[in-house]
Amino acid sequence: MPAVSLPDGSRREFDQPVTIMDVAKDIGTGLAKAAVAGKVNGALVDVRHEIDDDAEVAIVTDRDPEGVEIIRHSTAHLMAQAVKELFPDAQVTIGPTIENGFYYDFAYDRGFTPEDLEKIEKRMKELAKQDLPVERSTMDRDEAVEYFRNMGEEYKAEIIESIPQGETISLYRQGDFIDLCRGPHIPSTGKLKAFKLTSVAGAYWRGDSDNEMLQRIYGTAWPNKQQLEEHLHRLKEAERRDHRKIGAELDLFSIQDEAGGGLVFWHPKGARIRREIENFWYEMHEKAGYDFVVSPHIANLELWHTSGHAEFYADSMYEPMQDEHQAFQLKPMNCPFHVLMYKDRLHSYRDLPIRWGEMGTVYRREMSGALHGLMRVRGFTQDDAHIFCREDQIEDEVMGVIDLTLETLRTFGFEDFDVNLSTRPDDAVGSDEIWDHATRALRGAIEKKGLEYTLDEGGGAFYGPKIDIKIHDAIGRQWQCSTIQLDFNLPERFDMEYVAEDNERRRPIMIHRALLGSVERFFGVLIEHYAGHFPTWLAPVQASVLTITERQDDYARDVARRLREQGFRIEPDLRNEKIGFKIREHTLKRVPYLLVLGDREMEEGKVAVRTRDGEDLGTMSLDELSERLGKEVASRGTGT
RNA sequence: GCCGACGUAGCUCAGCAGGUAGAGCAAUCGAUUCGUAAUCGAUAGGUCGCAGGUUCGAUUCCUGCCGUCGGCACCA
């Protein structure tokens, strides 16, 4: 007879087989009410699952991540049930959970409209209210194929056919709706209290663009209404921070239809920020021992054959331009150019490591549907650099890049990082020895830096292992900008060499690395991270000089001039407007400091200082102000 | 590229059973000279994304194209 041990270490004995629900009830009625599923020896099961032998058992509630997952998955089923009732011709396919919610793909001869979504959601709520029991049953594989085919569910039948023969299939029934599912599921639909359908979109059957397109409905689901509301609020917050919106409001950049999608125009204020980013970048790299190079935008197509890009990456490259003698290729990458420069002369092992950085602008073909503000564009500037080094220098060099990366990202206000190490894929170039050595060096560098990391086995590029670093922005979203990639391919293809101590010719290792990735994309991430509130060192206008009447005009011009002479970015606003109006406008433009000048300040030769956050710093002299600004800018502080 | 939605003044949006359009903000001009998040008034501004079609007549209906947005696929 079963004895169950619980997560807190306690044991309970039963004199007959019991279900998860029985165990939960035995512990307490509150827990029984909250139970959405259970765990037996680590495996998730339904609450009706029967335990007939000794086992480690846990009750899963909506407080557990797995519980929330189950709620989302069950909500997807609930949606499918509602859709089948309202649109009997729609065929069900798959309905997995995703971050914050779920989707379900249906085969239907037309798209679902927002009105359809409302109807579906309404029906879902009714079905939830009926508190229909969700019951599991099993069926033989072949029998299940037959069963779904008879119901006209061709897609489901196809899915089941891909399951090995002889396996038992589990089915879940709620009301008249039956779906193939591994489970587990909530015990009854009444557990689903907080969900919302969010959008419809097309999606390919089995994710393959050669297949037909299905209708996908996205939804979000939570254990309770409050969490749902919080989630919807986060979505609103993300919308508020949208870099495309803020970029237009603050006049930072634009994308011009007449010029074409995916090409960024940096307006003066955005270009100002970009210059600050770049200045900082150059400064950091100079300190870290980099030299800077500049390479052309196009080059002989032959070069791209040598590098292999013309073959492997043809889809992402623009068509070559033909002149009378040769074809030129617009560059999608900078690396071959740096390799050519390296090969321009013979290098000694004493020269290594060589670190060459370039803000290199590249152009890549992107399909129209892929374009997205600054995040996905056709022309962008990589903060690129290549390190050419000996094998025994890899670890030190990678540690150096990690230091540089983290310091740079921290300066932009990013504090949390996820490090990912990707190792050898199946179709790789280079010997096992070099892969082993290099991968060990990358891992060593990460570990010596005391960083946690996740391993992506087989996730490396065909030409070498890599480290990716993801940042978390102010509202917790992750962005991957930084990457450190080893390359055994290009040195080989270009026959790169250095002369070793023993006078033998050896192959250098090439490290590609970018900290910001694309300056355009990074700028987009920064805009959203700061919600446009750039710290003073980055702010396009650091202080606005606001006059109360035209009596202060001359004084205001003088204040602006004097601060500008000290290197600050100052804009006077002498318009004949009320001070409240000016404060509002410049606050909305996220100007860090507003300097209000009236007769009183003019007489004292001071300025009244207000921050964009509405804080009144009182009046101060220009010297006091410039000291404060100077410190803030020099420290590249992240706040105001 | 694929599915869907959308495209009206610089911006945000209203309107239209088919009879060539309207508001707020911005802009311009004028008045106001004002103390910490919107002063008042006037003026100007539109080939209603583009091209065809239906119609006596199209911004409105239909078709195609372009673009934007949400996804999918793609992202060295």
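Note on naming: letters A, B, ... go to the chains in the order of the sequence lines (proteins, then strands), and numbering restarts at 1 for each one.
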Nearest-nucleotide pick for A/Y463, side chain only, options being B/G35, B/C3, B/A76: B/A76
Regarding the side chain of A/H309, the nearest nucleotide among B/G70, B/U33, B/A76 is B/A76
Say we look at B/G57 and B/C16: how far apart would their P atoms be, to the nearest angstrom? 23 Å
Of the candidate nucleotides B/G70, B/G1, B/A76, which contains the atom at the shortest distance from the side chain of A/P332? B/A76
Minimum-distance nucleotide to A/E366 side chain [options: B/U39, B/C74, B/A37]: B/C74
Going by the rule ring-ring contact (aromatic ring centres under 6.0 Å, His included), which residues pair with A/W356 if we only count those two or more places apart in sequence or in a different chain? A/F388
Heavy atoms under 4.0 Å, any strand shown: does A/R551 hit a base, just sugar-phosphate, or nothing? sugar-phosphate
So, A/F312 versus A/F462, ring centres under 6.0 angstrom or not? yes
Contact class for A/Y313 vs. all strands (heavy atom < 4.0 Å): base, sugar-phosphate, or nothing? base
Which one, B/G71, B/G70, B/A38, comes nearest to the side chain of A/R584? B/A38
With a 3.5 Å cut-off and no angle check, do the side chains of A/D384 and A/H512 form a donor-acceptor pair? no
The answer to which of A/M333 and A/S368 contacts RNA chain B further toward the 5' end, by nearest nucleotide, is A/S368
Do A/R216's NZ or CZ and the ring of A/Y103 fall within the cation-pi criteria of under 6.0 Å and 45°? yes
Which nucleotide sits closest to the side chain of A/A201: B/G35, B/A37, B/G71? B/G71
Counting side-chain heavy atoms from CB outward, which of B/C75, B/A73, B/A76 is closest to A/R376? B/C75
When the ring centroid of A/F112 is compared with that of A/F87, is the distance short of 6.0 Å? yes
Quick one: label A/T549 by what it contacts on the DNA or RNA (base, sugar-phosphate, nothing), any heavy atom closer than 4.0 Å. base
For the side chain of A/R610, counting heavy atoms from C-beta on, which of B/A76, B/A37, B/G70 is nearest? B/A37
Any idea which of B/U39, B/G71, B/A76 is nearest the A/E577 side chain? B/U39
Would you kindly give the CG-to-P distance between A/D105 and B/C2, to the nearest whole Å? 19 Å
Is a donor-acceptor contact shorter than 3.5 angstrom present between the side chain of A/Q256 and the base of B/G67? no
Assign each of A/Q485 and A/R575 the nucleotide of RNA chain B bearing its closest heavy atom; nearer the 5' end lies the nucleotide of A/R575
Please determine whether a side-chain nitrogen or oxygen atom of A/R244 lies at a distance below 4.0 Å from atom OP1 or OP2 of B/C69. yes
Using a heavy-atom cut-off of under 4.0 Å over every strand shown, decide if A/L594 touches base, sugar-phosphate, or nothing. nothing
Ignoring hydrogens and angles, answer whether the base of B/G71 and the side-chain atoms of A/Y204 contain a donor-acceptor pair closer than 3.5 Å. no
When you measure from the side chain of A/H372, which nucleotide among B/A76, B/G70, B/U36 comes out closest? B/G70
For atom P, what is the distance between B/A51 and B/G70, given to the nearest Å? 28 Å
Compute the ring centroids of A/W435 and A/F488, then answer whether they are less than 6.0 Å apart. yes
Indicate, with a heavy-atom threshold strictly under 4.0 Å, whether A/A248 touches base, sugar-phosphate, or nothing. nothing
